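The structure appears right after this line, and notes come after that.
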Amino acid sequence: MTSIIYVGMDVHTSNFTLCSYRIDPHHIGNDTVFAVAQMEPDYKNIIKYLEQVKKNYAEEITFQCGYEAGNLGYTLYHQLTDHGIDCVILAPSTMPQTNRREIKTDKRDAEKIARCLAYHSYHAVYIPTAEDHAVKEYIRMRDAEQDTLKRLKQQIIAFCTRNGKQFTEGRSYWSLKHLAWLKKQDFGNPILQEAFQEYLTLYNQASDKVKLFDQRIEELAHQARYEEKVKRLSCLIGIKTHTALATIVETGDFSRFQTARQYSAYLGLVPGENSSGKSIQRTGITKAGNSHIRRLLIEAAQCHSRGAIGAKSKRLLARGRE
């Protein structure tokens, strides 16, 4: 009879902490945590650890390893599975929550992960294909640059306000009229003018980068594996190529969600609940799961709510006919 040993791994860029957990089939409740070890952050050390544990058993042993989703991404998962080791990545939001007053150490975290593996009290993170992962990272890089551009806009407006410059020639900032107004501003001090020009230079550079990245995303969206799906999603109000492609690569396999409710729960867009006895109290959305898609879809919904009900722009109608 093959025995299963569950190996919880608390992984960081500085160190790995591992512990093994085994359910005794003959004595319920006589489960044991053993072989706690801390090591350098290298998958080869994990392989050596498993080999050492296996030497202590005469019968056949199989391992199931797992670690929480975090900054290591999928790298460790691929390294272990490439060597034939069963490994899963646990979604932290689906694991039993730790009381804030409890003692938290790497050893305790590794034990918690091992128990979650043994009793299946978790949901595994979906592992994307290499192509989806690459496109996802590119889109996130573009969004990081967009955040930089947003901060620069705020800094430029604040700089003008602090130094007595108010835009009154139009209703909205960052229109062509506003940009022309910015270029004409004279602050009467060479150092202030130099700082302002540096702000504008950084703004132009960031703006050009975002435009370049968006062009590349358009090219990626026309790949055979994405084109049809992107076209379908782009027929919806508030969704264009960027949001459509990001949703596709972040979600991966849509068929793993049987209902829209399951997909909403995956995105954290369902309301939470804090009920007891006859008291039923609904809370805000859970915000569990993929925050990137959640933000994009909330922005898309806001675009949908601003327009007239059922009305579609000429561009949206044209996308629907493609």
Side-chain angles (χ1 to χ4, degrees), residues 1-128 133 252 256 265-266 268 286-291:
M1 180 178 177
T2 303
S3 297
I4 302 177
I5 293 179
Y6 302 94
V7 181
M9 304 185 295
D10 186 54
V11 297
H12 304 280
T13 54
S14 57
N15 67 285
F16 292 169
T17 303
L18 276 63
C19 81
S20 295
Y21 184 80
R22 187 182 184 188
I23 300 175
D24 190 338
H26 305 293
H27 300 88
I28 303 299
N30 190 25
D31 308 333
T32 54
V33 175
F34 59 96
V36 179
Q38 192 173 84
M39 59 195 67
E40 293 295 317
D42 190 331
Y43 78 95
K44 295 178 182 177
N45 292 329
I46 297 176
I47 296 175
K48 293 177 182 178
Y49 169 90
L50 298 179
E51 291 173 349
Q52 192 64 37
V53 171
K54 196 170 186 178
K55 290 180 181 179
N56 297 322
Y57 293 88
E59 72 270 25
E60 187 176 351
I61 295 292
T62 61
F63 294 98
Q64 184 178 34
C65 301
Y67 64 97
E68 286 187 68
N71 58 351
L72 293 186
Y74 310 106
T75 304
L76 182 58
Y77 169 87
H78 288 301
Q79 289 171 337
L80 294 177
T81 53
D82 287 346
H83 286 78
I85 298 171
D86 183 13
C87 181
V88 296
I89 303 177
L90 291 73
S93 59
T94 64
M95 298 168 61
Q97 297 301 307
T98 303
N99 190 316
R100 292 182 180 179
R101 296 184 179 181
E102 290 183 8
I103 299 173
K104 186 180 184 301
T105 65
D106 290 352
K107 176 184 174 182
R108 285 172 177 253
D109 287 344
E111 291 180 5
K112 176 183 175 181
I113 294 169
R115 288 191 169 90
C116 285
L117 290 171
Y119 296 105
H120 305 285
S121 56
Y122 70 95
H123 287 294
V125 170
Y126 172 76
I127 308 300
H133 178 66
R256 59 198 175 104
Y266 163 71
T286 62
K287 295 185 180 181
N290 195 306
S291 60

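Just so you know, these numbers use all the heavy atoms, side chains as well, and skip hydrogens, waters and symmetry mates. Fair warning: this is a prediction, and the values are worked out from it, not measured in the lab.
- Looking only at side-chain heavy atoms (C-beta outward), Asp10 and Lys112 stay at 4.5 Å or farther from each other.
- The closest side-chain heavy-atom distance from Met9 to Cys19 is not below 4.5 Å.
- Rounding to the nearest 0.5 Å gives a distance of 12.0 Å between OG1 of Thr62 and CD1 of Ile85.
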Side chain to side chain contact (heavy atoms under 4.5 Å, CB included) evaluation trace for Leu90 with Cys116: CA-CA 9 Å; Leu90 291 73; Cys116 285; 3.9 Å; yes
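- Listed by first and then second residue, the side chain to side chain donor-acceptor pair (under 3.5 Å) pairs that reach into residues 69-81 are Tyr74-Lys136, sequence neighbours excluded.
- Looking at residues two or more places apart in sequence or on another chain, you find no side-chain hydrogen bond (donor to acceptor under 3.5 Å, both in side chains) involving Tyr67.
- For Ile61, the side chain to side chain contact (heavy atoms under 4.5 Å, CB included) partners at least two apart in sequence or on another chain are Ser3, Ile5, Lys54, Tyr57, Glu59, Phe63.
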Test log, rule side chain to side chain contact (heavy atoms under 4.5 Å, CB included), inputs Leu117 and Val88: CA-CA 9 Å; Leu117 290 171; Val88 296; 3.4 Å; yes
Verdict with supporting geometry, Tyr266 and Arg256, side chain to side chain contact (heavy atoms under 4.5 Å, CB included): CA-CA 11 Å; Tyr266 163 71; Arg256 59 198 175 104; 3.7 Å; yes
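- In this structure, the salt bridge (Lys or Arg N to Asp or Glu O under 4.0 Å) partners of Lys104, at least two apart in sequence or on a different chain, are Asp109.
- In plain terms, the two heavy atoms of Cys87 and Leu80 that are nearest each other are SG-CD1, 3.9 Å.
- For residues 118-128, the pairs satisfying side chain to side chain donor-acceptor pair (under 3.5 Å) are Tyr21-Tyr119, Asp31-Tyr119, with sequence neighbours left out.
- For Glu68, there are no salt bridge (Lys or Arg N to Asp or Glu O under 4.0 Å) partners, not counting sequence neighbours.
- Counting heavy atoms from C-beta on, the side chains of Val7 and Leu50 come closer than 4.5 Å.
- With rounding to the nearest 0.5 angstrom, the CG atom of Leu76 is 8.0 Å from the CD1 atom of Ile89.
- With sequence neighbours excluded, no residue satisfies side-chain hydrogen bond (donor to acceptor under 3.5 Å, both in side chains) with Lys107.
- For the pair Asp106 and His12, the tightest heavy-atom approach, listed with the atom from each and the gap, is OD1-NE2, 3.5 Å.
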Pairs of donor and acceptor atoms involving the side chains of residues 37-49, under 3.5 Å and at least two apart or interchain, shall be tabulated with distances.
from: Gln38; atom 1: NE2; to: Thr17; atom 2: OG1; distance (Å): 3.4
from: Asp42; atom 1: OD1; to: Lys44; atom 2: N; distance (Å): 3.0
from: Asn45; atom 1: ND2; to: Glu40; atom 2: O; distance (Å): 3.1
from: Tyr49; atom 1: OH; to: Ser20; atom 2: N; distance (Å): 3.4
from: Tyr49; atom 1: OH; to: Ser20; atom 2: OG; distance (Å): 2.8
from: Tyr49; atom 1: OH; to: Ala35; atom 2: O; distance (Å): 2.6

